[in-house]
Amino acid sequence: MKKGYIGIDIGSISTKGVVVDSNKKIVASDYLWTEGDPMNAVKRLLKSLEKQIKGKDIQVVGVGTTGSARKLIGAVTNASVVKNEITAHAIGTTTLYPDVNTIFEIGGQDSKIIIIENGYVVDYAMNTLCAAGTGSFLSSQAHRLGVSVEEFGSIALTSKQPTNIAARCTVFAESDLVHKAQMGHKKEDIIAGLCKAVVSNYLNNVGKGKRIKAPIVFQGGVSKNIGVKKAFEDQVGCEITVDANGHLMGAFGVAILAQKSGIERTFDFNITALDFKTKGFECPKCANHCEIMCVYRDNRLIDSWGNKCDNGAIRVN
Ligand code: SF4
């Protein structure tokens, strides 16, 4: 029987998971919505992964977790490795692209930039507060324009004259978009303008002051949008690589780390419902009023998530 390693990347919006074999090949994967319930999302994910590896003669011997609810899911799955997203993404990407120098990542709700030198992370930045450069912003604007997120990128590529959209924040972008549509700008030009705005927003915020050097790999859910990829290439002036599994890179990276850890224990897909208690509250520290969720086992805090900045972080000892 071959050995397999599970990687789980659990965020507030989406949950990603892979099983890799000992040759670092992805043999099963899934991407689903967290729907505010990470425990349930992981149960659904594990069911799907188990089904996919059935009959493949694979025994899972290690689990790694990353993402905002990584500690909770790490405790539930008895993970051998629990790592932050920067490390997980960097390991996943450098495993597939050893020469990479810059990683652009745009997910559903946040974005990151990771600078690599000789295979090691030397600098990074994350943006969780500004939604104007993320996947959820693009989906809401696609909806507003009456097009699906899937066709968004290809429509953008048909534009000859992208509209200039002010995208410093979602409120500006939305009102500017309505204004430009009323002025008679073509739909494809507005869509291409939005892709351009997402990229400018990213480069001027998360990428500000960073050394951006080729080869560049672009990943996260938004990397599937060919309009945004093209806008990046136009603005940074070089070709950018998008891996077919770029949306799973965090999960892939942490599965590789689980393999590297050397800690092996047979994984039981039927994780027992442990006695977890959850308690939610609103962070009072600023007008965002983030909904923070804390999870306890035996009155001990296991994990917390939902804070958009460090000021609202609840430390787990
Ligand atoms: S966690 Fe608290 S301080 Fe930070 S953005 Fe949310 S509400 Fe504001």
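Just follow the structure's listing: the first ligand is 1, and inside any ligand the first atom is 1.
Here is the list of ligand 1 atoms found below 4.0 Å of a heavy atom in H289: 7 (S). Near K285, meaning under 4.0 Å from any of its heavy atoms, are these atoms of ligand 1: 3 (S). Ligand-side atoms of ligand 1 in range of N307: 1 (S), range being under 4.0 angstrom from any heavy atom.
The nearest N, O or S atom of C309 is not closer to atom 6 (Fe) of ligand 1 than 2.8 Å.
Although no hydrogens or angles enter the test, the distance criterion places a donor-acceptor pair under 3.5 Å between the side chain of D303 and the main chain of K71.
Remark: the Y97 side chain and the D243 side chain contain an N/O donor-acceptor pair separated by less than 3.5 Å. The closest side-chain donor-acceptor pair between Q259 and S22, if any, does not fall under 3.5 angstrom.
Every residue two or more places apart in sequence or in another chain that forms a side chain to side chain contact (heavy atoms under 4.5 Å, CB included) with S159 is listed here: P162, E188, D189, A192.
Atom OH of Y124 sits in a sparse spot, with 12 or fewer heavy atoms from other residues, nucleotides or ligands closer than 6.0 Å.
Between the choices G312, G306, C283, A287, the shortest heavy-atom distance to atom 2 (Fe) of ligand 1 belongs to C283.
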